[in-house]
Amino acid sequence: MFQYYFMLGVRSLRRNPALTALMVLILAVGVAASVATLTILHVMSGDPYPHKSERMIVPLVDNGPIEGYTPGEERNDNQASYRDAVNFLNSKQGDRRTVVYGVAGSVEPDRKDIGVFTAEGLAPTRDFFDIFEVPFLYGQSWSAAEDKDATDVVVLGRKLSDKLYGATNPVGQRIKLLGNSYQIVGVIDTWRPVPRVHRIIGGPGAFGDEDEFFIPFSTAIRHETGHNGSMNCSSYRDPGWQSLLDSECTWLQVWIELHSASDRADFQNWLDAYAAEQRKLGRLKRAAPNVQFNLMQWLEEMKVVGKDSRISAWLAFGFLILCLVNTIGLLLAKFSVRAPEIGVRRALGASRKEIFTQFLIESAVVGLVGGVLGLALAIGALSLIGSISKQLAIVTHMDWLMLGVTFVMAVSAAILAGLLPTWRACQVTPALQLKSQ
């Protein structure tokens, strides 16, 4: 019986084609707007490393000054001082450890057709590439020995590599960067978690539409490469580089990859013991709790998905509801002109339940067609967004979950919109329709 009513629904699409096309278009636009917005929100708020995010840890101790401090007050920053960062690196905690900060400076190309320009990048340790699973197009990251010896090596981002060297492999060549000559050891490929991760580990513009590069943390320190990003230096007065390293200024970010998520309790014990030791040495003066964040907790702490994104999602749903209201009106008009047909069917023995089922399935067919069109519009919209902003190119990827959500949303919306018109159609009085005909 369902198949019979479904085929009737397909045939009914040819009745009042203008009205049907308008309903399909309204549903498609509403579904496309909602799905496109939800896809972007899903990518921006989803777990970029679901297989390991529980053991990707950011440890924090409170380096704030004692002046003005009230016991029980929260820590005043989300970064680490140089001394804490180096101590974390040397702690042997977890499987991998990295320290990172944003840098920026001039690039002096060998090519005469490209002038000197400014690029932004990061100064991490080599474990950074393994922790964040950075893919390489050419070459690889620098070695542990180069990390230790503060060698002048660099990993280029793909955009910067294409700009300077085109499609050729630049590994082994030298580049004048930040006032020094660096040997290129690798070029990273397109990095999938970029839209999320760049906002929590990079300086301004890192991994976005800006040119990017990576130099060893130790090399950046040796060259006294300035910090490009936020810095909390309420107790810092001397502008000298060594004074910065010796101060309690917080300007670095530390990431530790534990062997297992179950190791977090042991790591917290170590972190508390470390902070207690530093307080005895007179470094840490405040008694704020020592905390550790896994990746998803850190994204929440840093408010990577802001309120604006969530408001956009609610607006998209509001637009879908508006489309539903319009669809209800159009279905009322479509079904009202079929009152004589309904009267004849009722007179021939069709029950109200059968009439209700038939017209509700017809509404679902309209929703199904609207879903197909809405999916096409959503893919087109996401592709357009990807072409405008390369940073959001990842949103053009729609998984099977999003595909299923599209059809469920479209059919459900059409069924909801069809409830009132279908109920009204069931109330047609057969005798009155037969008499009028």
Side-chain angles (χ1 to χ4, degrees), residues 44 48-49 98-111 114-142 146-147 151-171 173-221 223 225-230 251-253 255 302 304 386 388-395:
M44 294 300 293
Y49 298 97
T98 189
V99 175
V100 57
Y101 76 98
V103 294
S106 62
V107 179
E108 303 175 39
D110 292 332
R111 292 169 52 180
I114 302 178
V116 177
F117 60 94
T118 300
E120 297 179 335
L122 293 179
T125 61
R126 73 181 302 270
D127 276 352
F128 169 89
F129 300 97
D130 292 325
I131 291 176
F132 290 99
E133 301 179 350
V134 181
F136 277 80
L137 181 65
Y138 303 118
Q140 59 189 0
S141 66
W142 51 81
E146 290 169 327
D147 230 350
T151 308
D152 291 337
V153 291
V154 63
V155 170
L156 300 182
R158 183 167 185 172
K159 181 180 178 180
L160 182 57
S161 176
D162 290 343
K163 181 175 182 176
L164 297 177
Y165 304 101
T168 61
N169 182 354
V171 172
Q173 300 191 47
R174 301 197 72 84
I175 179 175
K176 190 69 176 295
L177 179 69
L178 305 172
N180 299 288
S181 177
Y182 290 83
Q183 182 178 17
I184 301 171
V185 295
V187 177
I188 69 168
D189 203 349
T190 303
W191 189 12
R192 188 177 187 276
V194 163
R196 312 273 331 276
V197 174
H198 87 276
R199 294 186 58 184
I200 59 172
I201 59 176
F207 307 114
D209 291 333
E210 302 293 329
D211 304 310
E212 71 269 14
F213 60 87
F214 308 80
I215 59 174
F217 173 74
S218 55
T219 304
I221 297 298
H223 286 308
T225 305
H227 175 253
N228 181 38
S230 63
W251 53 291
L252 300 168
Q253 194 171 119
W255 285 85
M302 299 300 288
V304 171
I388 294 174
S389 175
K390 293 182 180 180
Q391 183 180 350
L392 290 176
I394 186 63
V395 302

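- The minimum heavy-atom distance between E146 and V153, with the atom names listed, is OE2-CG1, 3.8 Å.
- Here the side chains of I131 and Y49 are not in contact, with every heavy-atom distance at 4.5 Å or above.
- The shortest side-chain heavy-atom distance between Y165 and V187 does not fall under the 4.5 Å cut-off.
- Taking 4.5 Å as the limit, every side-chain heavy atom of K176 sits out of range of all side-chain heavy atoms of V116.
- F217 has its ring centre no less than 6.0 Å from the ring centre of F128.
- Within 6.0 Å of CD on Q173 lie more than 12 heavy atoms contributed by other residues, nucleotides or ligands.
- Nearest heavy atom pair, residue P216 against residue D147, reads CB-OD1, 3.8 Å.
- Rounding to the nearest 0.5 Å gives a distance of 5.5 Å between CD1 of I175 and CG of L160.
- Annotation for I188 and R158: closest pair O-CB, 3.3 Å, computed over non-hydrogen atoms.
- Between V103 and G226, the shortest heavy-atom distance links the atoms CG1-O, 3.8 Å.
- Within the 3.5 Å criterion, the main-chain N or O of W251 finds a donor-acceptor partner in the side chain of H227.
- The distance from the CZ atom of F214 to the CZ atom of F129 is 5.5 Å, given to the nearest 0.5 Å.
- Within the 4.5 Å cutoff, the side chain of I215 has heavy atoms near those of the L177 side chain.
- Summarising the geometry, atom OG belonging to S218 is positioned 12.0 Å from atom CZ belonging to R126; distances are rounded to the nearest 0.5 Å.
- Counting heavy atoms of neighbouring residues, nucleotides and ligands inside a 6.0 Å radius, atom CG of D189 exceeds 12 of them.
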Side chain to side chain contact (heavy atoms under 4.5 Å, CB included) between D152 and H223, worked out: CA-CA 10 Å; D152 291 337; H223 286 308; 2.7 Å; yes
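- For the atom pair Q253 CD and L122 CG, the distance stands at 9.5 Å (nearest 0.5 Å).
- No donor-acceptor pair closer than 3.5 Å links the side chain of N169 to the backbone N or O of Y138.
- Inter-residue side-chain proximity for V155 and F136 is flagged as met; some heavy-atom pair is nearer than 4.5 Å.
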Using the rule given for side chain to side chain contact (heavy atoms under 4.5 Å, CB included), can you reason through T225 versus Y101, listing the C-alpha separation, both sets of side-chain angles and the distance that settles it, and then say yes or no? CA-CA 10 Å; T225 305; Y101 76 98; 3.8 Å; yes
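- In terms of heavy atoms, P124 sits closest to W142 at O-CZ2, 3.3 Å.
- Atom CG in N180 sits 9.5 Å away from atom OG1 in T219 (nearest 0.5 Å).
- Heavy-atom minimum distance, V154 versus Y182: CG1-CB, 3.8 Å.
- Distance check, rounded to the nearest 0.5 Å: CD1 of I184 to CG of L156 gives 4.5 Å.
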